[in-house]
Visitor: 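One structure follows; several queries about it will come next.
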Amino acid sequence: MTRAVAPVQSVAQQWRAGLIGLFLGMCVTYLLQVTPSVNFLIPFNKVWDGDSSLRNSYSQQASKGHKISNFNDSHFQALSGDALSRDNVLENEKLKLLLSAWELSDIFFSKRYGASTVKSLESLSNAVPVAPHLEHCHKKSLLNEELDSWGVNGTLPYWNLWKGEVYGLHMNVPMETGSTLYPPWVEGSDEDNLPLTRQVQTDIWKHQHPCNCQNASLRFLLADWETDPGFGMGAQFASMAGMLAIAMNEQRILVTKYYDRADHEDCLGSNHAQWSCYFLSETSEECRNRAFSLASQPSAWADGLITGKNNYTSKQIWVGKTPRKWGEPWKAMQPTTQINGKMLIHHKAADRRWWRAQAIRYLMRFPSKYTCFLLNEARHKAFGVVAAKMVLDAYQTWPKESQFHNETDIDKFVWSAKKPWMPRPLVSIHVRQGDKAKEMELFGFEDYMKLAQHLRRRFPEIRNIWLSTEMQEVINESEAYSKWWNIYYTNISRQRGNTSMPAYEASLGRKTSTNYPLVNFLLASDADFFIGALGSTWCYLIDGMRTTGGKVMAGYLSVNKYRFW
């Protein structure tokens, strides 16, 4: 074994290297320990051009408390000792500066700032390169609200023109052709989704959003979410899917009430303890107000204008009649789920599987601003360093401010609608173990990775895995695969042993035990491929989101067989 030996340097070279090292060390100290103020980004394009006065200006404008979440990423563990070069250190410092700028921007942390600070931050949007993995949550929430509202004179939103019309590019298209069966929360072609998905999503939206909620003939179903500690989030979603089915069958508008998962300090104002903290409301504000007004009138209950969960049995809620408004489209579902190398053809509750997928897709059609921030934070922690490296590689020289002012029409009206970047192809793996053993056969992480390797033999370009699990043991085992796979996961305290799920969630606290799995759920739904366990309700619902989100033909690889098959 040989080792490269550094050449002998002259005294002058050694002094120069020492000064450079001292300067870079000072930069590292500032980047690690300070929070840049709003004015920090002003000299962004000049920090590295050799002007020490500007570097000093940057340092003086900083305030304490900043922490870049990616500092411990392996990308920063580059070279050490004799092999540490000025170029390597400088590249790392550029990465850290860019990450710091992104974390300061309004698209990432502005949920923690007041309105005046957010306004100041927005003025700096052209001072740094675009973060490809982050969404502009303020703009996105305004867009979603417009797409979720009736147009002028009672017309549907311009769903099929939303990339241009809603962003301000007016095309003078006649109103009657402005919106057809293209709800923007359904991706892919009709063949990429469960049968009639676009038609069903459009009809549910219209049913839940009547033009005039003061119409005396309208009837409502007012329902709390399940609050029993024994019901996990998956069970809560499945239960509300049942309530939506009842509402559709009885021609009632579903209005949800108390949502215990949103009963924490980050869900503010009218969104506190409400589904709207995480997703846009299931109905319009006008209909919600109308339903609550009727709920205060005993005569409205007596006349059947309003009903509640207590009006229905558990059987009606959990295994009740699937709406037949669209016939029986589940009979045309193409088998795309495999276990032990064989496709699963038959399902004893195909109608329920089809309906729950449609119901969850509708309820989660538009994430709230808060959920947008949660997703930004999760993507940044997982993919931020990789994204920063890509952005810097895209510029032949260190970015200059003038390079960020050339937004064209296609940037504004077409590319602005693109989803945030993630390393693709991305495989989502959800490993369910722990106390689930009383309901299904459990499998070790090795069995999930065998299915991942099967995918990779067919698609050799696959290297990235999004791993979600409640078990720390699974995270530990994943390290053995890091040589061949890029495995990403949220950094959170996990279960050890067979602790019950309610006890585990209680140990995390309500906010964390909701935000963490919800982010994993949405990222899993957006991944290119999925590996899970048919015996898990959580996996069952992820599959439903994927098969109504343009990914039905990506298939589903399972380690076990669900009880309904």
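The figures that follow rest on heavy atoms only: side chains count, while hydrogens, waters and symmetry mates do not.
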Visitor: Identify, with sequence neighbours excluded, every residue that meets disulfide (SG to SG under 2.5 Å) alongside Cys372.
Guide: Cys137
Visitor: Please test Met233 against Leu518 for side-chain contact (heavy atoms from CB on, under 4.5 Å), starting from the C-alpha separation and ending with a verdict.
Guide: CA-CA 9 Å; Met233 291 178 67; Leu518 188 58; 4.2 Å; yes
Visitor: With Val474, which residues qualify under side chain to side chain contact (heavy atoms under 4.5 Å, CB included), at least two apart?
Guide: Val431, Gln433, Phe445, Leu467, Thr469, Met471
Visitor: Could you tell me which residues satisfy side chain to side chain contact (heavy atoms under 4.5 Å, CB included) with Asn520, sequence neighbours excluded, listed by chain and number?
Guide: Trp466, Ser468, Thr490, Tyr516
Visitor: Which residues satisfy the salt bridge (Lys or Arg N to Asp or Glu O under 4.0 Å) test with Asp260, sequence neighbours excluded?
Guide: none
Visitor: Checking Ser368 side chain against Tyr278 main chain: does a donor-acceptor pair fall under 3.5 Å?
Guide: yes
Visitor: Which residues pass the ring-ring contact (aromatic ring centres under 6.0 Å, His included) test with Phe529, not counting sequence neighbours?
Guide: Phe459
Visitor: For Glu473, what residues pass the salt bridge (Lys or Arg N to Asp or Glu O under 4.0 Å) criterion, not counting sequence neighbours?
Guide: none
Visitor: Would a 4.5 Å heavy-atom cut-off, applied to side chains only, mark Met390 and Phe383 as touching?
Guide: no
Visitor: May I have the step-by-step check of side-chain contact (heavy atoms from CB on, under 4.5 Å) for Ile531 and His430, ending in yes or no?
Guide: CA-CA 7 Å; Ile531 297 172; His430 181 69; over 6 Å; no
Visitor: I'd like to know if the side chain of Asp447 and the backbone of Gly444 have a donor-acceptor N/O pair within less than 3.5 Å.
Guide: yes
Visitor: Has Arg546 got a side-chain atom pairing as donor or acceptor with Ala527's backbone, closer than 3.5 angstrom?
Guide: yes
Visitor: Mind listing the closest non-hydrogen atom pair of Pro517 and Thr512 along with its distance?
Guide: CD-O, 3.8 Å
Visitor: Quickly, which of Asn92, Leu97, Leu98 forms a side chain to side chain contact (heavy atoms under 4.5 Å, CB included) with Leu95? Name it, please.
Guide: Asn92
Visitor: Identify the heavy atoms of Ile462 and Pro425 that sit nearest to each other, and give their distance.
Guide: CG1-CB, 3.8 Å
Visitor: Under the 3.5 angstrom rule, does the side chain of Asp543 hit a backbone N or O of Tyr540 as a donor-acceptor pair?
Guide: no
Visitor: Report yes if some heavy atom in the side chain of Leu374 is under 4.5 Å from a heavy atom in the side chain of Leu522; otherwise report no.
Guide: no
Visitor: Tell me the salt bridge (Lys or Arg N to Asp or Glu O under 4.0 Å) pairs involving residues 360-375, sequence neighbours left out?
Guide: Asp148-Arg365
Visitor: Over all heavy atoms of both residues, which pair between Cys267 and His272 is shortest? Give the atoms and the distance, please.
Guide: O-ND1, 3.0 Å
Visitor: With sequence neighbours excluded, tell me which residues meet ring-ring contact (aromatic ring centres under 6.0 Å, His included) with Tyr556.
Guide: Phe530
Visitor: Would Phe279 and Tyr362 count as a side-chain contact (heavy atoms from CB on, under 4.5 Å) here? Give the steps.
Guide: CA-CA 10 Å; Phe279 299 93; Tyr362 173 76; over 6 Å; no
Visitor: Under 4.5 Å between any side-chain heavy atoms of Val427 and Arg456, yes or no?
Guide: no
Visitor: Is the distance between the ring centroids of Trp185 and Phe366 under 6.0 Å?
Guide: yes
Visitor: Checking the side chain of Asn376 only, and the main-chain atoms of Glu135 only, is there a donor and an acceptor separated by less than 3.5 Å?
Guide: yes
Visitor: Which pair of heavy atoms, one from Leu363 and one from Glu282, lies closest together, and at what distance?
Guide: CD2-CB, 3.9 Å
Visitor: When rounded to the nearest 0.5 angstrom, what distance separates OG1 in Thr197 from CD in Glu191?
Guide: 11.0 Å
Visitor: My understanding is that only residues two or more places apart in sequence, or in another chain, count here; which of them pass side chain to side chain contact (heavy atoms under 4.5 Å, CB included) with Ala387?
Guide: Trp102, Pro132, His133, Trp421
Visitor: Atom CG of Leu523 and atom CE of Met422: how far apart are they, to the nearest 0.5 Å?
Guide: 5.5 Å
Visitor: Which pairs pass salt bridge (Lys or Arg N to Asp or Glu O under 4.0 Å) with one or both residues in residues 507-516, sequence neighbours excluded?
Guide: Asp263-Arg510, Glu265-Lys511, Asp266-Lys511
Visitor: If you look at every heavy atom in Cys539 and Gly532, which pair is closest and at what distance?
Guide: SG-CA, 3.9 Å
Visitor: Any chance CZ of Arg457 has more than 12 other-residue heavy atoms, nucleotides or ligands included, within less than 6.0 Å?
Guide: yes
Visitor: Determine whether a donor-acceptor pair (N or O, by modelled atom type, separation under 3.5 Å) exists between the side chain of Thr547 and the backbone of Gly544.
Guide: yes
Visitor: Report the C-alpha separation of Tyr259 and Trp275 in whole Å, then their side-chain angles, then the decisive distance to 0.1 Å, and conclude whether the ring pair (Phe, Tyr, Trp, His ring centres under 6.0 Å) test is met.
Guide: CA-CA 6 Å; Tyr259 183 45; Trp275 179 249; 5.4 Å; yes
Visitor: Are any side-chain N or O atoms of Asn193 and backbone N or O atoms of Gly549, one a donor and one an acceptor, separated by less than 3.5 Å?
Guide: yes
Visitor: Do Leu508 and Ser493 come close enough that some side-chain heavy atom pair is under 4.5 Å?
Guide: yes
Visitor: Looking at Lys418 and Asp411, is any side-chain nitrogen of the basic one under 4.0 Å from a carboxylate oxygen of the acidic one?
Guide: no
Visitor: Would you find a donor on one side and an acceptor on the other, under 3.5 Å apart, between the side chain of Ser525 and the backbone of Phe521?
Guide: yes
Visitor: Taking atom CD1 of Ile429 and atom CG of Leu451, what is their separation to the nearest 0.5 Å?
Guide: 8.0 Å
Visitor: Got Trp538 and Phe237 here, is their nearest side-chain heavy-atom distance under 4.5 Å?
Guide: yes
Visitor: Donor-acceptor pair, distance only, cut-off 3.5 Å: does the side chain of Asp192 make one with the backbone of Ser189?
Guide: yes
Visitor: Could you tell me the separation between the NZ atom of Lys450 and the CG atom of Leu557, rounded to the nearest 0.5 Å?
Guide: 14.5 Å
Visitor: Tell me which one of Arg494, Arg432, Arg496 satisfies salt bridge (Lys or Arg N to Asp or Glu O under 4.0 Å) with Glu470.
Guide: Arg432
Visitor: Once rounded to the nearest 0.5 Å, what's the spacing between atom OG of Ser513 and atom CE of Met501?
Guide: 10.0 Å
Visitor: With sequence neighbours left out, what residues match Gln274 under side-chain hydrogen bond (donor to acceptor under 3.5 Å, both in side chains)?
Guide: Arg288
Visitor: Please round to the nearest 0.5 Å and tell me the distance separating atom CG of Asn515 and atom CZ of Arg261.
Guide: 10.5 Å
Visitor: Cut-off 3.5 Å, no hydrogens considered: what does the side-chain donor-acceptor table look like for residues 480-489, sequence neighbours left out?
Guide:
from: Ser482; atom 1: OG; to: Glu479; atom 2: O; distance (Å): 2.9
from: Asn486; atom 1: ND2; to: Asn464; atom 2: OD1; distance (Å): 3.1
from: Tyr489; atom 1: OH; to: Glu479; atom 2: OE2; distance (Å): 3.3

Visitor: Is Glu187 salt-bridged to Lys419, cutoff N-O under 4.0 Å?
Guide: yes
Visitor: If I compare all heavy atoms of Asn144 with all of Pro367, which pair ends up nearest, and what's the gap?
Guide: ND2-O, 3.6 Å
